[in-house]
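Here the structure comes first, spelled out in structure tokens, and everything after it is commentary.
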Amino acid sequence: MALSGLEIYKLLPQTNCKDCNYPTCLAFAMKLAAKQAALKDCPHVSEEAKIKLEAASAPPIALVTIQGGEGEVQVGNETVLFRHEKTFFHRPGLFWRLRDNDDIDELKRKAAEADAYTVDYVGIDLHLDGFAVEAASSDPAAFSAAVSAISSVSKKPLILLAPTADLAKAGLEATNGARPLLYAADQDNWETMADVAKQAGTPLAVRADTLEALADLTQKLKQAGVEELVLDPEVSGYLDSLERLTTLRRLALKKTFRPLGYPIITFPGTNGEIDETLLAAEHIAKYGGLIVLEEFNPASLYALLVLRQNIYTNPQKPIQVQPGVYEINSPDKDSPLMVTTNFSITYFSVANEIEGSGRPGWLLVTDSEGMSVLTAWAAGKFDAERVAKDAKAFNVEEKVSHHKVIIPGHVAVISGELEEEMPGWEIMVGPREAVDITSYLKAMWPN
Amino acid sequence: MTIEIPKEKWTGSVCEVTFGATADEGGTRSRTLTVGGETAMPFLHFEGVTPNPPALALEIRDRKPDDWSPLLHQAWGEAMEDPGEWAKAAETAGADMIYLALSLTTADGEPNTPENARAVVRKVLQASGLPLAVAGPGQAEVDNQLLVPVAEEAEGERLLLGICEDKNYRTIVAAALAHNHLVQSKTPMDVNLSKQLVILIHDMGLPLERIIMDPTTGALGYGFEYGYSVMERLRLAAFQGDSMTQQPMLVNPGFETWKVKESKVGEGVPENWGDWDRRAQEWEAITATTLIHSGADILVLRHPESLHRVRTVVDALVNPAATA
Ligand code: B12
Ligand code: SF4
């Protein structure tokens, strides 16, 4: 609920004293509304006005940024409970926990391997976001060495799991100017942790096992001057997670309850009896912000990364690719011509298969408004007329010398009409699933 | 400081639906299965009840399928050779319900017949005492040909008959009406279409206590998010009191996930896709558990290990005492 300049003006002293370096209170109010000035520049606002203005301008869930040597992760600033209401904005960061009592070379090897991990999902490069390094040894020197080792092979953002100020400092010094998340302040150590975070300008996680205690702590930390906080409500299972994370999201969005308006960090693998992947999946769907995994397993990580991508896709617009004729494996005039839709998932499933077949081919991607083959067909966006029209628009005649086009097996029904729409062309019905394209081409397109 | 949980006050609730009939009720099932009845979004026990846990069904076929992932063949082994054995194995694996899908053709490529469908259903009913769902191969005409005799054969068993879509619901609903069964009403990921088909089926005289909605899901990575959100929207509409959206929801993550490349293919895929078996199982289990969070009341699965994993999640979510 952003306020207009005029609404802000009403809350200012209206004395035009110019201490803010603007000529009038109104001018200052306009700049505030445009987010080009900060409220603290007016030394005369009343406490009451300050609370109102801050409440109105800050997002209900604070945005927190963690920076690595390269790259950053931003979490928080969500505005809805259900993705269909608008969209979820900031994908939860997935981190892998490493411990400083591990052998240094082993740590480097692990970090390098996980750092290099990347999978392509519909043209999007999915990867782990960073590492959570734990000071398990309780020895500042060992912790610092571990953080240095990991930073030497990975520039990804870090979370420093350091329960005391000394350890936190040792870890921070080893991060070479990056901006990790410090974890965590609790009832006992919050003052010293706040000092460290403030001095280093890093975000700070706060841990407590009740929401009341969490709220108390965040308020104290805020007063101590730490603005970017992350909450750890210490959840351990599927149900307490769901209840607490839902409560936190609702408090922030429905009650604008500032003390708990921060993103949430979870550790789904720390309760040994629980299936880490499935609890992490719950955290992705239901309000997790930073998720620290115990296990680095490519198969599970790939699935979780795809889930995260799906849940955080904007429901208002499907991911799509540009319509046109795509060249795969340097085709020539004798190479097969295949046709598909411009829904990203469809395009990439097909393009990857053709590429993987090692055979050259042309792929005509029609303008199907980002819909899958059958969805587009059912909606009238991938019928014979559309295919013929785009074949013409993108000049397929000039690309191939044969007059053959392969259509997806799922729309075999359009072949008759397509023959009429594309006179002189032979319509070949391909397999239903892209996985079978290689064997289909081998059988039907010898050479 | 005391913090109060912000609670929603809903007026509507999900309808309770019971499958299967024991001897007392005119069938032969060893137990019945009730789903639905929720009065709040999934498992928010602080504001409503979940009187029945989401049910987990295992899909079996009338014959060994030709196109299933080799991993599933490994998991079921010999049992796949015979629908009765398969049903028993599914019961042993912990299913709440058997979901029998009839094939379009017999093993030698001939069209499936009403006689065969009857015989298979009889066999499955004898092999396992679990409530049973029977779905056709998914071609309107063949579905009708096979499901009508099946409905008659299993008179009194309160089967779930699938799959009613807008083009073929009439015959299946008529068969359910004539022989006291329930139906699966399936629509492609759209709140209004879901509602409309329930209305049409209800208008034919089938009570709401005998209709299950299938809003359709996609596999993780293949349109999953559309179904997920439609389910959340249907559930919210149910609680707001829209009576034609209050049917329990069935989804089939088994069917969807086992046809995608991640589950079907073990070789020639990117190395970072990881171990094939684990990946395939994650695909099914993650799709299923995430759907539980969007309101699924029945999940149809294919792999016994996924069932086992999803069961653990369900147990923890429905029973507050069971979680640490
Ligand atoms: C997600 C989805 C939606 C999403 C849209 C997603 C999108 N951006 O396209 C939403 C919810 C919006 C939607 C809407 C509709 N949908 Co829809 N939807 C689906 C669903 C669940 C998955 C589709 C998907 O993403 N598949 C994944 C992609 C990758 O598959 P694909 O494009 O087919 O590509 C594969 C193959 O075709 C092949 N392939 C692709 N190209 C090529 C090319 C060649 C040469 C070859 C060889 C192979 C090949 O490779 C790919 C991988 O194997 C399907 C059901 C299902 N489970 O399949 C229904 C489905 C496609 N939808 C259907 C319908 C009817 C609709 C609606 C018309 C409903 C309505 N009346 O409103 C609307 C239409 C949209 C509109 N009017 O705006 C029906 C179509 C029925 C039919 N057989 O005609 C389906 C099959 C559901 C059903 N069983 O009823 N839908
Ligand atoms: S400092 Fe405050 S009171 Fe003075 S002009 Fe600026 S806004 Fe007005």
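All values below come from the heavy atoms of this structure, side chains included, with hydrogens, waters and symmetry mates left out.
When the candidates A/Lys255, A/Gln219, A/Glu353 are compared by the number of heavy-atom contacts under 4.5 Å with chain B, A/Glu353 comes out ahead. Across A/Thr277, A/Val235, A/Val119, the residue that shares the most heavy-atom pairs under 4.5 angstrom with chain B is A/Thr277. Chain B forms the most heavy-atom pairs under 4.5 Å with one residue out of A/Asn352, A/Leu278, A/Asp275, and that residue is A/Leu278. Among B/Ile292, B/Val313, B/Asp275, B/Thr287, the residue with the largest count of heavy-atom pairs under 4.5 Å with chain A is B/Val313. Your options are B/Lys264, B/Glu271, B/Glu262, and the one with the most heavy-atom pairs under 4.5 Å with chain A is B/Glu262.
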Q. After noting the C-alpha distance and the side-chain angles of B/Arg309 and A/Glu276, does the key distance pass the salt bridge (Lys or Arg N to Asp or Glu O under 4.0 Å) rule?
A. CA-CA 11 Å; B/Arg309 292 176 67 195; A/Glu276 174 172 61; over 6 Å; no
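Neither the backbone nor the side chain of B/Pro188 comes within less than 4.5 Å of any heavy atom of chain A. The parts of B/Pro6 that come within reach of chain A are both its backbone and its side chain, each placing non-hydrogen atoms under 4.5 angstrom from that chain. For a residue to count as touching a neighbouring chain, one of its non-hydrogen atoms must lie under 4.5 Å from one of that chain's; by this rule A/Tyr121 touches chain B with the side chain only. Only the side chain of A/Asn297 comes within contact range of chain B, with at least one heavy atom under 4.5 Å from a heavy atom of that chain.
A search for ring-ring contact (aromatic ring centres under 6.0 Å, His included) contacts involving A/Trp190 returns nothing, not counting sequence neighbours. Evaluation of the ring-ring contact (aromatic ring centres under 6.0 Å, His included) rule for A/Phe267 yields A/Tyr183 as partners, not counting sequence neighbours.
The distance from the OH atom of A/Tyr117 to the CG atom of B/Asn272 is 5.0 Å, given to the nearest 0.5 Å. A distance of 12.5 Å separates OG of A/Ser372 from OH of B/Tyr222, quoted to the nearest 0.5 Å. Here the CZ-CZ distance, from B/Phe46 to A/Arg244, works out to 12.0 Å after rounding to the nearest 0.5 Å. Taking CZ of A/Arg83 as the start and OG of B/Ser294 as the end, the distance is 10.5 Å to the nearest 0.5 Å. Note that OH of B/Tyr228 is 12.5 Å distant from OG1 of A/Thr313, once rounded to the nearest 0.5 Å. The distance from the CZ atom of B/Phe224 to the CD1 atom of A/Ile345 is 12.0 Å, given to the nearest 0.5 Å.
Summarising the local packing, CH2 of A/Trp377 is surrounded by 12 or fewer heavy atoms from other residues, nucleotides or ligands at distances under 6.0 Å. Counting non-hydrogen atoms of neighbouring residues, nucleotides and ligands closer than 6.0 angstrom, the NE2 atom of B/His308 reaches no more than 12 such neighbours. For B/Lys195, the NZ atom sits in a loose shell: 12 or fewer heavy atoms of surrounding residues, nucleotides or ligands are nearer than 6.0 Å. Surrounding CZ of A/Arg91 are at most 12 heavy atoms belonging to other residues, nucleotides or ligands under 6.0 Å away.
Between A/Pro298 and B/Gly274 the shortest heavy-atom distance is CB-CA, 3.8 Å. Looking at every heavy atom in both residues, B/Ile286 comes nearest to A/Ala281 through CG2-CB, 4.1 Å.
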Residues 65-72 of chain B, side-chain donor-acceptor partners within the protein, below 3.5 Å, at least two apart:
from, atom 1, to, atom 2, distance (Å)
B/Asp66, OD1, B/Arg63, NH1, 3.1
B/Asp66, OD2, B/Arg63, NH2, 3.4
B/Ser69, OG, B/Leu71, N, 3.1
B/Ser69, OG, B/Ser263, O, 3.3

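With respect to the salt-bridge test (charged N to carboxylate O, under 4.0 angstrom), the residues A/Glu85 and B/Arg233 do not qualify. Between B/Lys261 and A/Glu433 there is no salt bridge, since no side-chain nitrogen of the basic residue lies less than 4.0 Å from a carboxylate oxygen of the acidic one. Salt-bridge check for B/Glu4 with A/Lys254: failed, with every basic side-chain N at 4.0 Å or more from each acidic carboxylate O.
Looking at A/Arg250 and B/Leu44, their side chains come closer than 4.5 Å, going by heavy atoms from C-beta outward. Between A/Val435 and B/Val265, the closest side-chain pair of non-hydrogen atoms falls below 4.5 Å. Between B/Leu236 and A/His84 the shortest side-chain heavy-atom distance falls below 4.5 Å. Residues B/Met41 and A/Leu242 form no side-chain contact, since every pair of their non-hydrogen atoms from C-beta on lies 4.5 Å or further apart. Annotation: side chain of A/Leu211 is not in contact with side chain of B/Ile5 (no heavy-atom distance under 4.5 Å). Looking at B/Thr289 and A/Tyr238, their side chains never come closer than 4.5 Å, going by heavy atoms from C-beta outward.
Residues of residues 299-312 of chain A lying under 4.5 angstrom from chain B, judged on non-hydrogen atoms, are A/Ala299, A/Ser300, A/Tyr302, A/Ala303, A/Leu304, A/Val306, A/Leu307, A/Asn310, A/Ile311 by number.
Checking A/Glu282 against B/His293 by side-chain atom types alone, a donor-acceptor pair falls below 3.5 Å.
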